[in-house]
Amino acid sequence: MKDTFHDADVPLGAKIVRLVQERGWSQDEFARQADLNRLTVRSIFVGPPRKLHNATVRACARALGVSVHDLLTQRLEKLLPRMQMPLPTEENLRVLYEHATQPELLAWLADNPERAARLSAAEIDELLSLQGTGGPLTAFGVAHHVEEIERRRRILEQAAIIAGTEYVDLLEQFVKVLYEKIQPYRERGNASEPEA
């Protein structure tokens, strides 16, 4: 069943159902996660395809941990690997909002609640560590640092997709070459020396 939908034109309802299944949720669990009426969720799962209200699409995207734009435009096969990644918890967001002290970060959070909700605990820690007078958030801006975090996340998501294909060997070789390239010179030099 995992590879049922590969067409770019999968109906939105069918895409949502497949993503919910990949998360391992029942209809009732998804209704709770999305804060939607059970009848609404049931109509997505078993009803004839229909146009969903904007609020329903937003609630589904938020529960699944993707943006509305991605839910509407990304192919299902690109979204499926993201369902294996843990969702940010309310605790993560609480920590972010409680520890954000820099005015620039507070302003960014107010303007970008959807993007903030997608930050993982490690990404939140990274962002909070950049605060401080004259620190990186002040010098380069919050948007710049969040874009870098999101860029790394996208690369990891793409690598996860590639790892599930016949190109996994090529990916492994490429990553190994890059990884060796960034190791300290001393470690690389010692690795090539014959043992005595």
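All values below were derived from every heavy atom in this structure, side-chain atoms included, with hydrogens, water molecules and symmetry-related copies excluded.
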*Asks:* Could you tell me which residues satisfy side-chain hydrogen bond (donor to acceptor under 3.5 Å, both in side chains) with Arg58, sequence neighbours excluded, listed by chain and number?
*Replies:*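 Partners of Arg58 by the side-chain hydrogen bond (donor to acceptor under 3.5 Å, both in side chains) criterion come out as none, since no residue qualifies.
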
*Asks:* Look up atom CG in Leu36 and atom CZ in Arg42, then write down how far apart they are to the nearest 0.5 Å.
*Replies:*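 Taking CG in Leu36 and CZ in Arg42, the distance rounds to 15.5 Å.
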
*Asks:* If you look at every heavy atom in Ala59 and Ala34, which pair is closest and at what distance?
*Replies:*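 Residues Ala59 and Ala34, closest heavy atoms: CB-O, 3.5 Å.
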
*Asks:* Under the 3.5 angstrom rule, does the side chain of Arg38 hit a backbone N or O of Ala31 as a donor-acceptor pair?
*Replies:*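 The answer is no, because no donor-acceptor pair under 3.5 Å joins these two groups.
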
*Asks:* Going hydrophobic residue to hydrophobic residue with side-chain gaps under 4.5 angstrom, can you get from Leu156 over to Leu178?
*Replies:*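 Unlinked, Leu156 and Leu178 end up in two clusters.
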
*Asks:* Report yes if the side chains of His99 and Ile124 come closer than 4.5 Å at any heavy-atom pair, otherwise no.
*Replies:*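 The answer is no, as the side chains (C-beta and beyond) never meet within the 4.5 Å cut-off.
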
*Asks:* Is any side-chain heavy atom of Ile16 less than 4.5 Å from a side-chain heavy atom of Leu12?
*Replies:*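 Sidechains of Leu12 and Ile16: in contact.
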
*Asks:* What distance do Leu96 atom CG and Glu98 atom CD have between them, rounded to the nearest 0.5 Å?
*Replies:*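 Reported to 0.5 Å precision, the distance equals 10.0 Å.
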
*Asks:* For Thr101 versus Gln131, what's the shortest heavy-atom pair and its separation?
*Replies:*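 Closest pair (atom of Thr101, atom of Gln131, distance): N-OE1, 2.7 Å.
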
*Asks:* Thinking salt bridges, do Arg82 and Asp70 make one under a 4.0 Å N-O criterion?
*Replies:*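 Result for this pair is yes, salt bridge flagged.
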
*Asks:* Side-chain atoms of residues 162-171: list all donor-acceptor pairs with protein atoms under 3.5 Å, sequence neighbours left out, distances to 0.1 Å.
*Replies:*
residue	atom	partner	partner atom	Å
Thr165	OG1	Ile162	O	2.7
Thr165	OG1	Tyr167	N	3.1

*Asks:* With a 4.5 Å cut-off on side-chain heavy-atom distances among I, L, V, M, F, W and Y, is there a chain of contacts connecting Val46 to Val41?
*Replies:*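 Per the 4.5 Å side-chain linkage, Val46 and Val41 are co-clustered.
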
*Asks:* For Arg50, I'd like to know if atom CZ has over 12 heavy atoms of other residues, nucleotides or ligands within 6.0 Å.
*Replies:*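 Atom CZ in Arg50 is packed in, count exceeds 12.
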
*Asks:* So for atom CD, which belongs to Glu29, do other residues, nucleotides or ligands contribute more than 12 heavy atoms lying within a distance under 6.0 Å?
*Replies:*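 Buried by this count: over 12 neighbours within 6.0 Å.
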
*Asks:* Minimum heavy-atom separation for Arg118 and Gly65, please, with both atom names.
*Replies:*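 Closest pair (atom of Arg118, atom of Gly65, distance): CD-O, 3.8 Å.
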
*Asks:* Let me see the working for Glu147 and Arg152 under salt bridge (Lys or Arg N to Asp or Glu O under 4.0 Å), right down to the final yes or no.
*Replies:* CA-CA 9 Å; Glu147 285 164 12; Arg152 289 194 306 266; over 6 Å; no

*Asks:* So, for Val10 and Ala14, which heavy atoms are closest and what is the spacing to 0.1 Å?
*Replies:*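 Minimum heavy-atom contact is CG1-CB, 3.8 Å.
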
*Asks:* To the nearest 0.5 Å, what is the distance between CG on Leu128 and CD on Gln102?
*Replies:*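 Output value for this atom pair is 10.5 Å.
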
*Asks:* Can you give me the closest heavy-atom contact between Glu123 and Arg153, atom names plus distance?
*Replies:*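 Minimum heavy-atom contact is OE1-NH2, 2.9 Å.
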
*Asks:* Could you measure the distance from the CG atom of Leu72 to the SG atom of Cys60? Nearest 0.5 Å is fine.
*Replies:*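 One finds 10.5 Å between CG of Leu72 and SG of Cys60.
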
*Asks:* Minimum heavy-atom separation for Ala100 and Leu106, please, with both atom names.
*Replies:*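 Heavy-atom minimum between the residues: O-CD2, 3.3 Å.
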
*Asks:* Is any side-chain heavy atom of Trp25 closer than 4.5 Å to a side-chain heavy atom of Leu64?
*Replies:*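 In contact.
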
*Asks:* Is the backbone N or O of Ile161 less than 3.5 Å from a side-chain atom of Lys78, with the two atoms forming a donor-acceptor pair by type?
*Replies:*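 The answer is no, because no donor-acceptor pair under 3.5 Å joins these two groups.
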
*Asks:* If you measure from the Lys or Arg side-chain nitrogens to the Asp or Glu carboxylate oxygens, is any gap between Glu22 and Arg18 under 4.0 Å?
*Replies:*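 Yes.
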
*Asks:* Once rounded to the nearest 0.5 Å, what's the spacing between atom CD of Gln21 and atom CE of Met83?
*Replies:*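 Taking CD in Gln21 and CE in Met83, the distance rounds to 12.5 Å.
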
*Asks:* Listed by chain and number, what are the side chain to side chain contact (heavy atoms under 4.5 Å, CB included) partners of Val146, not counting sequence neighbours?
*Replies:*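 Per chain and number, Val146 pairs via side chain to side chain contact (heavy atoms under 4.5 Å, CB included) with Trp108, Arg115, Leu127, Val142, Glu150.
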
*Asks:* Is any side-chain heavy atom of Ile44 less than 4.5 Å from a side-chain heavy atom of Thr56?
*Replies:*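 They are in side-chain contact.
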
*Asks:* Between the main-chain N or O of His145 and the side-chain N or O of Glu148, is there a donor-acceptor pair closer than 3.5 Å?
*Replies:*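 Checked: no pair found.
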
*Asks:* Starting at CD of Gln33, measure out to OG of Ser26 and round the result to the nearest 0.5 Å.
*Replies:*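 These two atoms lie 9.5 Å from each other.
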
